[in-house]
*Asks:* 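Dumping the structure here so I can ask a few things about it.
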Amino acid sequence: MLAASKKTEISITLPDGNSRSYMAGTTGMEIAESIAKSLAKAAIAIELNGKMCDLSLPIHADAKIRLIKREDPEALELIRHDCAHVLAEAVQTLFPGTQVTIGPNIENGFFYDFARNQPFTTEDFVAIEKKMQEIIERGASFEREVWDRNDAIKYFRSKGENYKAEIIEDLPADQTITIYRQGDWLDLCRGPHMPTVKHVGNAFKLMKVAGAYWRGDSSKAMLTRIYGTAWRDQKELDAHLHLLEEAEKRDHRKLGREMGLFHLQEEAQGSVFWHDKGFRIWKVLEGYIRRKQEEFGYIEVKTPQLIHSKFWEASGHWSKYRENMFVVPDVVPNTEEGEKVFKEDPKEFMALKPMNCPGHVQIFKQGIKSYRDLPVRMAEFGCCHRNEAHGALHGLLRVRQMTQDDAHIFCREEQIFDEAKLFLDMFVSTYKDFGFNDVVLKVATRPEARIGSDEVWDKSEKALMDAATAMGYKFEIAAGDGAFYGPKFEFHVKDSIGRSWTCATLQIDFNLPVRLDATYIGEDGQKHHPVMLHRAVYGSFERFLGMLIESYAGKFPLWLAPVQAVIAPITSEAADYAREIHKQMSAMGLRVELDERNEKINYKIREHSVKKVPYIFVVGAREAADKTVAIRELGGENQKVKGLEEALADFKKDASPPF
RNA sequence: GCCGUUGUAGCUCAGUCGGUAGAGCACGUCAUUCGUAAUGACGGGGUCGGGGGUUCGAAUCCCUUCAACGGCACCA
């Protein structure tokens, strides 16, 4: 820095590779002006040696630069972040005494967390947005200042901004403390910002309010978070809002009701009432994954639902997982009207299984296993109950009773790699068949509440990362998100509005077999503990089906569709023929319905189209006479007329599962 | 669990100032036999989420409770 500032001239390299000389201390804005007036007008920030900076920042050394304009992808980040500052100023102007905390960008927008005695409501949005408009209209410049750390803490404390002061106190000692002014208002911020507030523009909208814990810690204060979105122009904003509207139409809860797939009700919150049509999809999913499991060498078992607390004590669930378990007193309840349910405090407890793993270990432990028996791949469509927090429940995606396509692989340590590979093969081929492309792999590492030594955790985490790397999988690390017994792979899929859910998972567990004393006899004749891999491909049938509904927007491919075709006679003249077709198709194991109602064909077509039935077989007098069917595909304009026999053979073929 | 919002017919929603509940779709009956996204007429349907209170009178005001929704925290 010192050496550079002595230099009077510096060389600036532009994106096209050309270099120009400037006086040291020249700013990005001055460079833009020297190139073209229009560029100076359009520039909103500068990328300095790969790092985004303010246009007003003096440059003291040779550098590669790129001027950022509004149409560049980076512009959205700047617009949104500046908009968050404008929001904060507006809120503090309108509601004095409100403390500001943090206000980062998120996907498609930003939020700002405020501390105020009385939370904001969406009704405050009108006034806040109006004030934001005023602030933008006024168009103050963003001015960066470097402050002394202690002065900054003192300043924010004196203003009653305790959260900001706390943030500064926790910053690393060598961190430069910068604040940005916009007119009379200022905020602690590392920047960068656009030249003025005016650059934010008008294409912003406050979206929702929500509570959020300070520092994401539920033992700390609840702040009020205001979410907003901001774009380059009105057209982009409108497009975004339209996208959200469209996404709402794909909501599995809405489609589930409309298509008659399932329902939920108060008395069984978090547990699903599967209707005939929904359960048809379930059965197809179950058949598919059962065939897959057989192909991949799994055995299938069934273990108890209700097991004594002593068992859960041994597995570690009683101490680490009990708050999520449904505990059932092992007592005969009082049947006297108006009396307490239990005469005395129950002493013995059973619990509904929250996981299948300890049960599978019991099966593994029956008899003596040799190293030659490993790996044992033990699968179960296990119905588990978890007492999830009320606020966590969400349609099919987060329930309290779920059926997992669960399996546990008991193997030797040196088999982990092959088993992980085999699982990845199974996962990839399955998700391909369901059309999920955008899956993110995360490696979840040790949580605070855990069992097992750090040495074992080191080994497990490394094993997972090595397996992923060896398989060519890119992954993110989700620190502290592991299960209490081991680290895991989480395969994340996004729902219609972009929330990410874990479906498939693979978890390494060196702990449970030791805890429950599962052993095999090794080549050396000695007892050894196997490693256990917990894994699921769908995750749970509930969540996977919910994700499928959203991903297909209810328009299931033929092999999954709850109703694959409706046979619709045009008039009663063709009714006998329609009945015959329906009978034949049902006998072929196809899921078909007959619509004999005395309604116009238009009406029938509209109704079944709205219900997203993939095919409608329209038959009138003509088809009955010729022994043909007119096949109308969902959303299609044209129909295909085929001979009945050919049509049924083709349909059967098209309707068969991909595996 | 925490913060906010919402709860009226099967669904989507209206209901003003507190005066005893309404529409469209769906459903039922009748008529219509109509060839590719809504045929017409008539009819039935609600303890206004539950409980309590204020009031001559509550869907409407107050308290409480439950659930759903959006987040947070927690997790397949």
Side-chain angles (χ1 to χ4, degrees), chain A residues 111 113 118-124 207-227 251 253-254 257-258 260 263-267 269-270 321 323-324 354-355 382 384 386-400 402-406 444 447 449 478 481 483 488 490-493 497 499 501-505 507 534-544 546-547 568-575 598-611 616 618-623 630-632 634-639:
Chain A
F111 66 75
D113 285 350
Q118 191 191 346
F120 300 101
T121 75
T122 44
E123 279 164 31
D124 298 320
M207 303 296 286
K208 52 197 177 190
V209 279
Y213 297 108
W214 168 234
R215 303 218 147 152
D217 182 340
S218 58
S219 68
K220 297 204 160 81
M222 169 78 49
L223 309 171
T224 302
R225 175 171 298 179
I226 296 181
Y227 286 91
D251 190 311
R253 294 163 299 188
K254 185 177 154 75
R257 187 175 52 240
E258 285 170 4
H263 86 268
L264 299 157
Q265 67 186 51
E266 279 190 31
E267 297 88 339
Q269 55 169 307
Y321 206 72
E323 62 173 357
N324 287 302
M355 296 180 193
C384 294
R386 295 184 186 174
N387 199 344
E388 303 284 359
H390 290 67
L393 300 176
H394 183 93
L396 295 180
L397 303 183
R398 188 78 180 272
V399 292
R400 298 169 107 185
M402 59 168 165
T403 303
Q404 299 174 306
D405 65 320
D406 201 8
D481 281 352
K488 55 189 175 182
E490 292 176 350
F491 294 86
H492 288 254
V493 186
I497 63 166
R499 287 176 292 215
W501 300 88
T502 302
C503 288
T505 177
Q507 313 176 358
H534 309 239
R535 45 106 291 172
V537 177
Y538 292 156
S540 74
F541 281 79
E542 287 83 358
R543 178 174 291 180
F544 194 73
M547 299 304 291
I570 292 169
T571 68
S572 54
E573 264 185 309
N598 179 13
E599 294 291 352
K600 290 168 110 173
I601 194 65
N602 283 322
Y603 182 88
K604 294 183 184 179
I605 284 170
R606 176 181 154 78
E607 189 167 288
H608 301 303
S609 299
V610 165
K611 289 205 170 146
I616 301 172
V618 179
V619 291
R622 220 153 55 212
E623 286 76 14
I631 303 169
R632 186 197 158 95
L634 179 60
E637 296 287 311
N638 305 312
Q639 61 174 354

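Labels below follow one simple rule: chain letters A, B, ... track the order of the sequence lines, proteins then strands, and each chain is numbered from 1. Quick caveat, the model's predicted, so the values are computed rather than measured.
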*Asks:* May I ask you to test the A:P569-A:E623 pair for a side-chain heavy-atom distance under 4.5 Å?
*Replies:*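 Counting from C-beta outward, A:P569 and A:E623 never come under 4.5 Å.
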
*Asks:* Could you tell me how far B:G49 sits from B:C75 if I compare only their P atoms? Round to whole Å.
*Replies:*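 Approximately 36 Å lies between the P atom of B:C75 and that of B:G49.
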
*Asks:* Think A:K220 forms a cation-pi with A:Y213, using NZ or CZ under 6.0 Å from the six-ring centre and within 45 degrees of its axis?
*Replies:*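 That pair does not qualify as a cation-pi contact.
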
*Asks:* Counting only Watson-Crick or G-U wobble pairs whose two distances fall under 3.5 Å, which nucleotide matches B:A59?
*Replies:*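 Here B:A59 is not engaged in any pair, so there is no nucleotide opposite it.
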
*Asks:* Return the value, rounded to whole Å, for the distance between atom CD1 of A:I570 and atom C1' of B:G35.
*Replies:*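 Atom-to-atom, A:I570 to B:G35, this comes out as 4 Å.
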
*Asks:* Who does B:A38 pair with, Watson-Crick or G-U, both distances under 3.5 Å?
*Replies:*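 Pair assignment: B:A38 / none.
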
*Asks:* With a 3.5 Å limit on both atom pairs, tell me what B:C72 is paired to, counting Watson-Crick and G-U wobble, or say none.
*Replies:*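 Its partner is B:G1 (Watson-Crick or G-U wobble, both distances under 3.5 Å).
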
*Asks:* Polar atom pairs between nucleotides 39-48 of chain B and protein, under 3.5 Å, N or O only, would you list them?
*Replies:*
none

*Asks:* Not counting sequence neighbours, which residues clear ring pair (Phe, Tyr, Trp, His ring centres under 6.0 Å) with A:Y538? List them please.
*Replies:*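 Counting only residues at least two positions away or on another chain, A:Y538 forms a ring pair (Phe, Tyr, Trp, His ring centres under 6.0 Å) with A:F434, A:F541, A:F544.
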
*Asks:* Can you list everything that forms a ring pair (Phe, Tyr, Trp, His ring centres under 6.0 Å) with A:F120? Sequence neighbours excluded, please.
*Replies:*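 A:F95, A:F114.
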
*Asks:* Using the P atoms only, state how far B:A58 lies from B:C42, rounded to an integer number of Å.
*Replies:*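 Straight-line distance between the two P atoms is 35 Å.
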
*Asks:* Base of B:U33, side chain of A:S572 - is there a donor-acceptor contact under 3.5 Å?
*Replies:*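 Under the 3.5 Å cut-off, the side chain and the base do form a donor-acceptor pair.
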
*Asks:* Roughly how many Å is it from NZ in A:K604 to C1' in B:C34, rounded to a whole number?
*Replies:*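 Rounded to the whole Å, the gap is 10 Å.
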
*Asks:* In whole Å, what separates the P atom of B:U29 from that of B:G45?
*Replies:*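 To the nearest whole Å, 16 Å.
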
*Asks:* Decide yes or no for A:Q269 and A:L264: does some side-chain heavy atom of the first lie under 4.5 Å from some side-chain heavy atom of the second?
*Replies:*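 No. Closest side-chain heavy atoms not under 4.5 Å.
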
*Asks:* In the structure I gave you, are the side-chain heavy atoms of A:P354 and A:N324 within less than 4.5 Å of one another anywhere?
*Replies:*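 No; the side chains remain at least 4.5 Å from each other.
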
*Asks:* Which base, if any, makes a Watson-Crick or G-U wobble pair with B:G18, both distances under 3.5 Å?
*Replies:*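 Paired with B:G18, as far as the under-3.5 Å criterion goes, is no nucleotide at all.
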
*Asks:* In the 5'-to-3' direction, what one-character label does each nucleotide of nucleotides 60-76 of chain B receive under the scheme B = base within less than 4.0 Å of a protein heavy atom, S = sugar-phosphate only, - = no such atom?
*Replies:* ------SSSSBBBBBBB

*Asks:* Regarding B:U33, can its base be found pairing with the side chain of A:E573 as donor and acceptor, where the two atoms are less than 3.5 Å apart?
*Replies:*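 Looking at the base of B:U33, it does not pair with any donor or acceptor on the side chain of A:E573 (distance under 3.5 Å).
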
*Asks:* Could you check which nucleotide pairs with B:C27 in any of the strands shown, counting Watson-Crick or G-U wobble with both distances under 3.5 Å?
*Replies:*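 With both distances under 3.5 Å, B:C27 matches B:G43.
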
*Asks:* Could you tell me whether A:D251 and A:K254 make a salt bridge, using a distance below 4.0 angstrom between a side-chain N and a carboxylate O?
*Replies:*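 Judged by the 4.0 Å cut-off on N to carboxylate O distance, A:D251 and A:K254 do not form a salt bridge.
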
*Asks:* When all nucleic acid strands are considered with a 4.0 Å heavy-atom cut-off, which category describes A:I601: base, sugar-phosphate, or nothing?
*Replies:*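 Sugar-phosphate only.
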
*Asks:* Taking pairing as Watson-Crick or G-U wobble with both contacts under 3.5 Å, can you name the mate of B:A67, or confirm there isn't one?
*Replies:*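 Paired with B:U6.
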
*Asks:* Using whole Å, what does the distance between atom C1' of nucleotide B:A37 and atom CG of A:N638 come to?
*Replies:*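 So the two atoms are 15 Å apart, to the nearest Å.
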
*Asks:* Hey, which sits more toward the 5' end of RNA chain B by its nearest nucleotide, A:E637 or A:E607?
*Replies:*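 Going by which nucleotide is closer to the 5' end, it is A:E607.
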
*Asks:* Please list each protein N or O that sits under 3.5 Å from an N or O in nucleotides 10-16 of chain B, with the distance.
*Replies:*
unit_1: B:U12; atom_1: OP1; unit_2: A:R257; atom_2: NH2; d: 3.1

*Asks:* Suppose you measure atom P in B:G53 against the same atom in B:U6; what distance do you get, rounded to whole Å?
*Replies:*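 Result for the P pair: 25 Å, nearest Å.
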
*Asks:* Rounded to the nearest Å, what distance is computed from the CD atom of residue A:E623 to the P atom of nucleotide B:U36?
*Replies:*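 Computing the A:E623:CD to B:U36:P distance gives 12 Å.
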
*Asks:* For the residue pair A:R543 and A:L397, establish whether any side-chain heavy-atom pair is separated by less than 4.5 Å.
*Replies:*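 The answer is yes; the side chains approach within 4.5 Å.
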
*Asks:* Hey, does the side chain of A:D405 reach the backbone of A:S540 with a donor-acceptor pair shorter than 3.5 angstrom?
*Replies:*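 Answer holds: no.
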
*Asks:* A side-chain contact here means heavy atoms from C-beta on lying under 4.5 Å apart; do A:R398 and A:R386 qualify?
*Replies:*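 No, side chains not in contact.
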
*Asks:* In whole Å, what separates the C1' atom of B:A76 from that of B:G15?
*Replies:*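 To the nearest whole Å, 44 Å.
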
*Asks:* Residues in ring pair (Phe, Tyr, Trp, His ring centres under 6.0 Å) with A:H394, at least two apart?
*Replies:*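 Result, ring pair (Phe, Tyr, Trp, His ring centres under 6.0 Å) vs A:H394: A:W501.
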
*Asks:* With rounding to the closest Å, how many angstrom separate the P atoms on B:U60 and B:A9?
*Replies:*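 Comparing P positions in B:U60 and B:A9 gives a spacing of 15 Å.
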
*Asks:* Is B:U33 paired to anything, Watson-Crick or G-U wobble with both distances less than 3.5 Å, and if yes, which nucleotide?
*Replies:*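 Because no pair has both required distances under 3.5 Å, B:U33 counts as unpaired.
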
*Asks:* Keeping the roles fixed (side chain from A:E258, backbone from A:K611), state whether a donor-acceptor pair exists under 3.5 Å.
*Replies:*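 Checking the backbone N and O of A:K611 against the side chain of A:E258, no donor-acceptor pair under 3.5 Å is found.
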
*Asks:* For B:A59 and B:U16, measure between their C1' atoms and round to the nearest Å.
*Replies:*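 Here B:A59 and B:U16 have their C1' atoms 14 Å from each other.
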
*Asks:* Which heavy atom of A:L393 sits nearest a heavy atom of A:R400, and at what distance?
*Replies:*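 Minimum heavy-atom contact is CD2-CG, 3.5 Å.
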
*Asks:* With rounding to whole Å, what would you report as the distance between B:G10 and B:A26 at their P atoms?
*Replies:*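 One P to the other, the span is 16 Å.
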
